[in-house]
Amino acid sequence: MRQSLLLVFIVFCRCTSASLLQKSPIADNSIAAKTQTMTHYKGFFNFYWDEKLGTLWLEIDKWEEEFLYVNSLAAGIGSNDIGLDRGQLGDIRVVKFMRSGPKVLLVEPNYAYRAISDNAEEKRSVEEAFAQSVLWGFIIDREEGNKVLVDATSFLLRDSQRLSQTLKQRNEGEYQLDITRSVIYLPQTKNFPKNSEFEALLTFTGEPKGRYLTTVTPSPHSITVRQHHSLVELPNSDYQPRTFDPRSGYYPLKYKDYATPIEEPIDKRLIYRHRLKKRDPDAPTSEAVKPIVYYVDRGAPEPIRSALIEGAQWWNKAFEAIGYKDAFRVELMPEDADPMDVRYNLIQWVHRSTRGWSYGREVYDPRTGEIIKGHVSLGSLRVRQDFLIATGLMAPYETDLVPPEMQEMALARLRQLSAHEVGHTLGLAHNFAASISQRASVMDYPHPLARLDDQGNIELADAYDDKIGAWDKVTIAYGYQDFPDGVNETEALDEILIKAFSNGLRYITDQDARPQGGSHAYAHLWDNGVNAAQELNRVMEVRKKALENFSEKNIRPGQPMASLEEVLVPVYMFHRYQVEAAVKIIGGTNYNYALRGDG
């Protein structure tokens, strides 16, 4: 009897266990199961958006494979004095993912120290000699073959642009990121085959202490900006780096190569430049395999938009001079494009509460100097400053009508400014010795060239140049000229520079020209003329005429009389920079950048 009962109990237990197994399926730990209710974004790195929890999940399937990581500020604070502008680029890094157990690390190799060698052990010895940087650590949530899934929300919702640090340094107050008021910003979170783009809306809280923050925020205790992150496929190895020459007018990318033979310098320098090749290398003139295209911000209104396009387009003349046809183009930004997307070279129209600098920067490959994206930020108040200068010089308001030459002067300056900042994003440095060679470069800082006509009246028709200069064509030739097979590139590049200098062109950049430490007698900022002293005498005559004419006609009817002061200042100081240029002749020095053996 006991045996029968035991047998019945065993059968019952087995049946119950089988029934339980049928009713409780094994949990699915796949990535697909985890993300089945999320929004999928397929591209360079697949990622998923969990609307319910407000989290973003990154699928990692590239291990020890280098790519580019760029952070930037998509929507800024709006104060030039604070310096956190819309469109501001942050750090540009080569990174890679590596895994250890349940963790994934985002690692930045150290490309400032290298061993360019076929010897793997020689390369490893340098890699181990200098520190790398781990930028972030992720915890693996799911794993499927070679792929893992990690929560990237905290990585994206962080102060990668160092806003808190900047505000503290500017004495604007102590601010901290408030994660409860920060979210992933989906409208500009997108995915493409070669780049993944993420954006976050971040809110910082604190007590304002400075004088600038309160002028540009609706509530200075709560500052909300947008921060962008780009993960980008690195360019292929077809790009040929070009050596930096201190006479060439380029900025250098520097690194040390410990695999260099003993008799050669260990310090290496390359120039920054875009990749450009002729479609037909043997033809005197050829289209490019892939032209360089810049896009103008759709937020720039007319006639400013057209001026920005026209000025930037001047550079095509330099590329034509070295045998390219339509290799440099400027177009309006596509309507659905994100300005922070690294696929678009951008000319961005940036608003601030006060007038500030414009600048040109690049997203580049830190290994080679190849420019991936040119990024220009033009301050919108600059054009109004030139209009103000024209107002002070002309005393135009006999009536309320605005003379057209005033606006044309302001737009002419804007064209030149667009060309200047685009030049930086082509790799070019300032040339402050260009003004003594008949405006030889847009990479100089130009002062408005106002003249007295035969009747002694001020005229502004030639206030700014309407083209790039002779030096600009030289620099583009150095950086972008193709050479036929069999031509010694080093010798050919040297010949380009020697010819330019023998024709009287000069190149002196910031450290030797600026008033704070620059002692060069012929390199100045905001000057004109071959002879600084003679130009000062001429400028003083223009200033004298403008001050003689100064009256209530320098402001429009209905404006407060106190606003005359705003118009007076730039006229009263019209001679300021030319005085600096003339003073530097006394005790200044005259020299060129040179290499041994260049004559």
Side-chain angles (χ1 to χ4, degrees), residues 87 89 92 235 239-253 269-278 288-296 308-331 342-348 358-366 368-378 415-432 434 440-446 465 467-482 493 496-497 500 505 507 509-510:
L89 289 179
I92 299 162
Y239 174 77
Q240 182 61 44
R242 183 156 290 182
T243 303
F244 170 80
D245 187 309
R247 306 166 298 169
S248 66
Y250 281 80
Y251 292 110
L253 169 67
R269 295 180 295 177
L270 305 174
I271 66 171
Y272 298 94
R273 64 173 185 153
H274 290 267
R275 182 183 302 208
L276 192 68
K277 290 183 178 180
K278 283 184 175 180
V289 174
K290 183 180 180 182
I292 302 170
V293 184
Y294 274 66
Y295 296 92
V296 171
L308 298 180
I309 293 173
E310 291 163 12
Q313 189 63 39
W314 292 351
W315 285 107
N316 192 49
K317 292 295 182 183
F319 289 98
E320 286 179 348
I322 58 172
Y324 279 99
K325 180 182 178 182
D326 297 327
F328 186 89
R329 303 204 311 262
V330 185
E331 302 174 2
V342 294
R343 296 176 300 167
Y344 298 99
N345 298 302
L346 178 68
I347 302 172
Q348 193 166 32
S358 298
Y359 51 86
R361 285 195 59 193
E362 317 91 359
V363 175
Y364 59 90
D365 184 344
T368 64
E370 179 183 355
I371 296 173
I372 298 168
K373 171 192 174 78
H375 191 97
V376 172
S377 293
L378 299 178
R415 293 184 192 97
Q416 195 279 339
L417 180 64
S418 179
H420 177 100
E421 300 302 345
V422 167
H424 282 315
T425 68
L426 294 173
L428 309 186
H430 290 130
N431 182 1
F432 291 128
S441 178
V442 295
M443 301 312 295
D444 202 343
Y445 283 176
D465 211 345
K467 60 187 178 303
I468 59 169
W471 174 253
D472 301 321
K473 293 181 180 180
V474 171
T475 54
I476 292 299
Y478 183 92
Y480 293 89
Q481 178 73 68
D482 282 337
L493 293 174
I496 289 171
L497 299 178
L505 294 176
Y507 166 62
T509 195
D510 295 69

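Counting from 1, the numbers follow the sequence of the chain as shown.
We find the CG-OH distance between Leu493 and Tyr478 to be 5.0 Å, quoted to the nearest 0.5 Å. Rounding to the nearest 0.5 Å gives a distance of 4.5 Å between CD1 of Ile371 and NE2 of His274. Residue Arg361 holds its CZ atom at 5.0 Å from CD1 of Ile92, rounded to the nearest 0.5 Å. Rounding to the nearest 0.5 Å places CG of Asn431 at 8.0 Å from CG of Asp472. Atom-to-atom distance recorded for Lys317:NZ and Lys473:NZ is 8.0 Å, nearest 0.5 angstrom.
At least one donor-acceptor pair closer than 3.5 Å links the side chain of Thr509 to the backbone N or O of His430. Of the possible donor and acceptor atoms, none in the side chain of Arg269 sits under 3.5 Å from a partner among the backbone N and O of Pro246. Arg247 places no side-chain N or O within donor-acceptor distance of the main-chain N or O of Leu497, the cut-off being under 3.5 Å. One N or O on the side chain of Tyr480 and one on the backbone of Leu426 form a donor-acceptor pair closer than 3.5 Å. No donor-acceptor distance shorter than 3.5 angstrom exists from the side chain of Asn345 to the backbone of Tyr294, with no hydrogens or angles considered. Under a 3.5 Å cut-off, the side chain of Asp465 and the backbone N or O of Val442 do not form any donor-acceptor pair. Distance alone, capped at 3.5 Å, places no donor-acceptor pair between the Asp365 side chain and the Pro235 backbone. Not one N or O on the side chain of Ser418 forms a donor-acceptor pair closer than 3.5 Å with the backbone of Arg415. With Lys373 contributing its side chain and Tyr344 its backbone, the two residues share a donor-acceptor pair below 3.5 Å. Listed for the Glu370 side chain is no donor-acceptor partner under 3.5 Å among the backbone atoms of Gln240.
Side-chain contact of Arg273 with Tyr239: a donor-acceptor pair under 3.5 Å is present, judged by distance alone.
Tyr324 is not listed as a side-chain neighbour of Ile476, based on a closest heavy-atom distance of 4.5 Å or more. Side-chain contact between Leu505 and Val474: present, with at least one pair of heavy atoms (C-beta onward) separated by less than 4.5 Å. Within the 4.5 Å cutoff, the side chain of His424 has heavy atoms near those of the Tyr251 side chain. Annotation: side chain of Ile292 is in contact with side chain of Phe319 (closest heavy-atom distance under 4.5 Å). At least one side-chain heavy atom of Leu417 sits less than 4.5 Å from a side-chain heavy atom of Leu378. The closest side-chain heavy-atom distance from Trp315 to Leu428 is below 4.5 Å.
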key: Trace of the side-chain contact (heavy atoms from CB on, under 4.5 Å) decision for Glu331 with Val293   = CA-CA 7 Å; Glu331 302 174 2; Val293 184; 4.0 Å; yes
inquiry  = Please determine whether side-chain contact (heavy atoms from CB on, under 4.5 Å) holds for the pair Ile347 and Val422, giving the CA-CA distance in whole Å, both sets of side-chain angles, and the decisive distance to 0.1 Å.
reply    = CA-CA 8 Å; Ile347 302 172; Val422 167; 3.8 Å; yes
message = Using side-chain contact (heavy atoms from CB on, under 4.5 Å), reason through Thr475 and Met443 one step at a time and then give a plain yes or no.
response = CA-CA 11 Å; Thr475 54; Met443 301 312 295; over 6 Å; no
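Ring orientation note: the planes of Tyr445 and His420 are tilted relative to one another, at an angle of 30° to 60°.
Lys278 and Val289 get closest at one heavy-atom pair: O-CG2, 3.5 Å. Closest of all the heavy-atom pairs between Arg329 and Pro291 is NH1-CG, 3.3 Å. Counting all heavy atoms, side chain and backbone alike, Glu421 lies closest to Gly360 at OE1-N, 3.0 Å. The shortest non-hydrogen separation linking Leu270 to Pro241 is CD1-CB, 3.9 Å. Here the closest heavy-atom approach between residue Trp314 and residue Ala419 is recorded as CE3-CB, 3.6 Å.
Here Phe244 and Tyr250 keep their ring centres 6.0 angstrom or further from each other.
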